[in-house]
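These numbers were taken from a predicted model, which means no experiment stands behind them. Atom set for the values below is all heavy atoms of this structure, side chains included, hydrogens, waters and symmetry mates excluded.
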Amino acid sequence: MSEPSEWLIYRGAGEPHGGITQLPPPPPWRDFAGRGDNSPEGAGGTGDGRGGGDGSADRRLGGYRHEAELHRPGAEELEMINAALYLRRPLLVTGSPGAGKSTLAHSVAHELGLGRVLRWPIVSRSALQDGLYHYDAIARLQDVQLAAHGVAGPNGANGTDGTDRQDPSADIGSYIRLGPLGTALLPSEQPRVLLIDELDKSDIDLPNDLLNVLEEGEFGIPELERIADRLPDGEAEVLTDDGKKVRIKGGRVQCRAFPFVVLTSNGERDFPAPLMRRCIHLELGRPDHQRLATFVRAHLGDEAARAGDDLISHFLERSRSELISTDQLLNAIYLTDAAAPAGRDRLADLLIQRLDRPR
């Protein structure tokens with residue numbers, strides 16, 4: 001066992017030193033080096049399963065994701081996921097923080113080869129249009145003003161890109177980017193996976209605003225619909241949430257394969273009945289020891305899972321009466337395994353603090 005000071009990188013000594021070079025690799029779920037997702041061609045990958053995404057699947061499923069194959073979801077969980085796939089209905093997943101709600105979307109995308117998960121994290125200010133598309137009218141106006149003075153704007157506003165600048169509608173697609181929901185509704189042979197994360201954090205209107213789009217599987221872009229008759233072949237080229245360019249005809253986006261939509265909620269509020277009847281509801285219960293061990297093994301490997309078995313047991317005991325998160329458990333096992341500090345149990349308790357206690 002290391003001495004208490006040996007694992008400390010920052011020592012509070014007030015003197016510069018090169019200790020940062022001793023910092024070990026980050027936990028897999030905090031590794032932003034972009035190791036890639038299992039993305040098919042057309043969704044940010046290479047088409048051979050190697051992926052080419054942003055590493056979010058590795059962070060969600062774990063760098064040792066092959067170890068997670070030892071675990072099989074419960075019968076009810078499997079049935080509700082497949083019901084949503086069969087019925088082309090959104091899956092509303094509720095449960096306590098860290099129960100694996102968001103991971104479920106990444107797991108389905110990984111197993112079925114559906115590419116990078118399109119993620120829309122919800123905050124109190126989120127509106128429907130944030131998920132559909134963004135039109136940068138200010139940037140377009142700036143480019144038009146620059147073109148009037150013979151200066152090239154970032155989008156070639158002086159005509160150097162070969163576009164006819166006499167028609168102000170010619171380059172409008174350069175200023176439109178589809179959001180995660182808008183990208184998920186693009187026509188494709190295979191469904192995309194869309195994660196609408198923590199919907200219960202939203203403004204009271206957003207769940208109702210989602211109803212029509214999720215029911216019809218289409219939406220319009222008014223900025224394009226107004227000028228569709230002046231666009232070449234009625235089409236405009238816009239950017240997607242994947243960073244790719246696609247052509248939109250007539251200013252409308254209509255899906256062919258309805259996306260696999262996962263709505264997550266920590267249960268902080270109730271949702272309107274019209275939304276509930278359009279969703280398949282899955283409630284994830286508190287994980288047992290086997291599921292937690294598999295979760296740790298997927299992220300940290302078998303050795304760390306064995307070394308942290310006592311922490312898993314202690315976590316389960318505390319979770320019966322306290323609101324604590326599996327993310328906290330991962331942090332505790334990683335740090336006590338990587339740094340091996342003295343006072344291991346004390347440090348673990350400091351990292352796993354109850355979330356339902358006012359501070």
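- Under a 3.5 Å cut-off, the side chain of K245 and the backbone N or O of S174 do not form any donor-acceptor pair.
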Sequence neighbours excluded and cut-off under 3.5 Å, please list the side-chain donor-acceptor pairs for residues 275-283, or say none.
unit_1	atom_1	unit_2	atom_2	d
R278	NE	E215	OE1	3.1
R278	NH1	P274	O	3.0
H281	NE2	T94	OG1	3.0

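- Side-chain atoms of E198 do not come within 3.5 Å of backbone N or O of N266 as any donor-acceptor pair.
- Salt bridge R192/D241: absent, no basic N to carboxylate O contact under 4.0 Å.
- Listed for the S107 side chain is no donor-acceptor partner under 3.5 Å among the backbone atoms of T103.
- In this structure a side-chain-to-backbone donor-acceptor pair under 3.5 Å is missing from Q22 to G19.
- Between R318 and D349 a salt bridge is recorded (basic side-chain N to carboxylate O distance below 4.0 Å).
- A heavy-atom distance below 4.5 Å is found between the side chains of D345 and L311.
- Within a 6.0 Å sphere centred on CD of E237, heavy atoms belonging to other residues, nucleotides or ligands number more than 12.
- Under a 3.5 Å cut-off, the side chain of R89 and the backbone N or O of A84 do not form any donor-acceptor pair.
- In this structure, D200 contributes its side chain and E268 its backbone to a donor-acceptor pair below 3.5 Å.
- The number of heavy-atom neighbours closer than 6.0 Å to CG of D229, taken from other residues, nucleotides and ligands shown, is above 12.
- A single hydrophobic cluster is not seen to contain both L178 and L239; linkage of ILVMFWY side chains at heavy-atom distances under 4.5 Å, directly or through other members, places them apart.
- Sparse packing is recorded around CZ of R88, with 12 or fewer heavy atoms of other residues, nucleotides or ligands lying under 6.0 Å away.
- Checked by atom type and distance alone, the side chain of D130 pairs as donor or acceptor with a backbone atom of A127 at under 3.5 Å.
- With sequence neighbours left out, N212 forms a side-chain contact (heavy atoms from CB on, under 4.5 Å) with E216.
- More than 12 heavy-atom neighbours from other residues, nucleotides or ligands sit within 6.0 angstrom of CG on L23.
- Listed here is the closest heavy atom pair of I352 and L329: CD1-CA, 4.0 Å.
- Not one N or O on the side chain of K101 forms a donor-acceptor pair closer than 3.5 Å with the backbone of L263.
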